[in-house]
Amino acid sequence: MNLAVVGTGYVGLVAGACFAESGNDVICVDSDSQKVESLEKGEVPIYEPGLPEIVERNVREGRLTFTTDLDAAVRKSFVVFIAVGTPPGSDGAPDLAAVRAVAEAIGKAMDQFKVVVMKSTVPVGTGELVADIIRAHTDKPFDMISNPEFLKEGAAVEDFMKPDRIVIGAEDERAAAIVRELYAPFTRTGSPAILTDIRTAEMIKYASNAYLATRITFMNEFANLCEKVGADVDSVRKGMGLDKRIGSAFLFAGVGFGGSCFPKDIEALIATGRRNDYPLRLLEAVMEVNAQQRIRFLSKVLSYFGDVEGRQFAVWGLSFKPRTDDMRAAPSIDIINGLLSRGARISAYDPEAMSEAERIFGDAISLSRNNYECLSGADALLLLTEWQVFRNPNFDRMKADMRTPIVFDGRNVYDPAQMRQMGFTYFGIGRS
Ligand code: NAD
């Protein structure tokens with residue numbers, strides 16, 4: 001099938017590459033000409049395991065191309081996916097400027113029947129809005145579909161190729177069947193497709209992210225209480241997670257969630273609630289507790305040292321979670337800025353997010369070539385992202401390199417008793 005994917009970011013590039021990998025002819029469109037140029041040269045601008053190989057193979061075999069020319073891409077395609085960003089707007093509701101612009105451009109470019117598929121995460125009702133915009137610019141027929149994306153950065157290709165489920169919101173069964181057919185190569189092992197209306201499909205995406213973010217926050221709240229009453233949140237997590245009604249995923253206490261999705265999607269839901277005269281008090285509390293979580297961590301460091309002026313801190317992990325270079329809304333940014341503003345010095349290491357960190361912090365922090373280099377002379381180590389490489393380091397070397405062997409473990413990666421036995425002063429989350 002001939003497909004266009006408009007917006008070649010984390011979602012659009014993964015979707016485009018994976019659809020090409022299953023034999024479709026895919027044109028990925030982006031308004032960022034620099035991004036398109038580097039993709040044409042085979043350079044994948046994001047870190048996503050397995051993606052460069054798929055992009056390279058499909059470009060070489062002619063199934064995957066990149067362009068800034070949306071008109072031509074739409075005319076050559078039967079199905080057009082919209083995967084542009086929907087960043088938070090000033091009132092918490094997503095800024096739909098890119099979605100609207102793309103809808104208008106699709107409408108103007110339409111020369112015959114198309115299926116238009118919304119993959120971006122958009123508030124309930126946006127499918128109808130987009131259809132109205134397209135209709136205002138064309139008299140050609142089209143079908144509108146909502147097909148929210150559930151991939152996780154860091155495992156995006158795997159998630160796309162082996163989805164837990166596909167959600168297809170449609171008003172027309174024929175169009176839903178076309179999208180279902182596109183996903184057939186990825187659902188052969190039995191992943192179900194949920195067929196529903198557009199508004200419900202849009203809501204499924206938000207409800208899923210809100211629930212996951214709430215689980216994380218629930219555990220952080222318990223971690224904080226564990227610290228007060230002398231319980232161990234990691235054992236609480238295990239004890240709870242074994243209950244089949246609860247399950248073990250997304251129950252890890254830490255410095256809180258970040259990233260480009262959870263914070264913005266929950267803010268969007270809160271805005272939807274407000275607009276519909278139904279304040280979402282549970283989700284308002286989730287955002288509040290989550291914002292406090294990184295501040296609590298920073299306060300732990302500040303209250304241990306008193307004054308951090310002139311002190312040197314090593315930071316392991318900058319991305320908002322492991323296996324991605326994405327630092328959007330990462331806890332590391334607020335924690336590092338909190339220390340910098342009080343006169344501390346930071347040297348940091350992340351396996352993949354170093355360029356992004358350089359873009360964000362410039363020369364305000366020093367970036368190390370590996371995780372040991374930044375320990376040299378450090379008053380303490382702050383572990384902020386649970387990359388695999390930090391799980392089993394050479395603790396003797398760490399102790400020898402640091403000025404004082406103090407570890408603030410923001411992800412509960414290490415065993416508190418072992419750390420203390422090895423001579424570290426150790427602070428975890430909810431593990432007093
Ligand atoms: P992104 O910022 O990585 O990519 C968006 C791309 O769209 C950028 O390359 C940008 O240049 C391009 N773009 C913006 N305006 C454009 C226009 N008018 N024409 C053509 N291209 C344009 O965003 P993302 O992380 O891929 O997210 C895209 C959508 O998918 C968002 O709604 C997001 O909430 C949702 N989503 C993201 C994830 C994730 O893990 N990143 C997961 C599921 C859903």
Side-chain angles (χ1 to χ4, degrees), residues 6-12 30-32 35 82-106 118-134 136 146 148-149 153 198-199 202-214 216-217 255-295 298 319-321 326-338 340-341 356 359-362:
V6 186
T8 311
Y10 283 86
V11 168
D30 206 285
S31 51
D32 180 342
K35 191 178 260 191
I82 301 176
V84 293
T86 49
S90 51
D91 63 345
D95 176 354
L96 294 178
V99 168
R100 286 171 183 272
V102 169
E104 188 179 324
I106 292 173
M118 178 57 73
K119 244 201 175 319
S120 301
T121 304
V122 289
V124 175
T126 307
E128 288 151 39
L129 172 84
V130 166
D132 286 345
I133 296 174
I134 296 175
S146 166
E149 181 51 59
E153 286 178 23
I198 291 179
R199 283 182 172 246
E202 290 166 340
M203 189 58 109
I204 290 172
K205 171 65 192 176
Y206 278 108
S208 305
N209 274 4
Y211 179 66
L212 292 172
T214 303
I216 293 173
T217 308
V255 285
F257 60 77
S260 68
C261 291
F262 287 0
K264 118 177 136 56
D265 292 350
I266 294 169
E267 287 291 4
L269 266 178
I270 291 171
T272 300
R274 229 181 277 130
R275 280 181 187 176
N276 287 279
D277 199 19
Y278 189 79
L280 296 169
R281 283 175 302 168
L282 178 63
L283 295 182
E284 282 169 7
V286 166
M287 288 308 285
E288 198 184 314
V289 172
N290 190 60
Q292 282 302 315
Q293 198 63 9
R294 50 188 78 176
I295 295 169
L298 177 63
S319 55
F320 83 93
K321 67 172 183 177
D326 197 342
M327 285 183 64
R328 289 179 281 186
S332 64
I333 298 175
D334 290 339
I335 293 166
I336 288 174
N337 281 335
L340 288 176
S341 68
E356 196 53 12
R359 196 184 61 75
I360 293 168
F361 293 111

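Only this structure's heavy atoms are used, side chains among them; waters, hydrogens and symmetry mates stay out. Residue indices begin at 1 and follow the sequence shown.
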Shortest non-hydrogen separation from [X] to [Y] and the atoms involved:
X    : Y    : result
P123 : Y206 : N-OH, 3.3 Å
S120 : V84  : OG-O, 2.6 Å
I133 : A103 : CG2-CB, 3.8 Å
S332 : F361 : O-CZ, 4.5 Å
P148 : K205 : CB-CB, 3.5 Å
P331 : V255 : CB-CG2, 3.8 Å

Side-chain touch [X]/[Y], heavy atoms, less than 4.5 angstrom:
X    : Y    : value
R199 : E128 : yes
S260 : E153 : yes
F262 : N290 : no
V286 : F257 : yes
T217 : T214 : no
M287 : P263 : yes

Could you list the residues that satisfy salt bridge (Lys or Arg N to Asp or Glu O under 4.0 Å) with E104, not counting sequence neighbours?
-> K108
Should E356 and R359 count as an ion pair when the cut-off is N to O under 4.0 Å?
-> yes
Does CE in M203 sit with more than 12 non-hydrogen atoms of other residues, nucleotides or ligands closer than 6.0 Å?
-> no
Hey, what do you get for [atom1] ([X]) to [atom2] ([Y]), rounding to the nearest 0.5 Å?
X    : Y    : atom1 : atom2 : answer
I335 : L340 : CD1   : CG    : 12.0 Å
T272 : Y278 : OG1   : OH    : 13.5 Å
I266 : L280 : CD1   : CG    : 10.5 Å
I336 : R294 : CD1   : CZ    : 11.5 Å
T126 : M118 : OG1   : CE    : 7.0 Å
E267 : E284 : CD    : CD    : 9.0 Å

Pair up each side-chain donor or acceptor in residues 89-102 with any protein partner under 3.5 Å, not counting sequence neighbours, and list the distances.
unit_1: D91; atom_1: OD1; unit_2: A93; atom_2: N; d: 3.1
unit_1: D91; atom_1: OD2; unit_2: R275; atom_2: NH2; d: 2.9
unit_1: D95; atom_1: OD1; unit_2: A97; atom_2: N; d: 2.9

Short side-chain to backbone donor-acceptor contact, E202 and G125, under 3.5 Å = yes
Just jot down the side-chain contact (heavy atoms from CB on, under 4.5 Å) partners of K264, sequence neighbours excluded, or say none.
->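 Testing K264 for side-chain contact (heavy atoms from CB on, under 4.5 Å), a comparison that skips the adjacent residues, returns T86, P88, T121.
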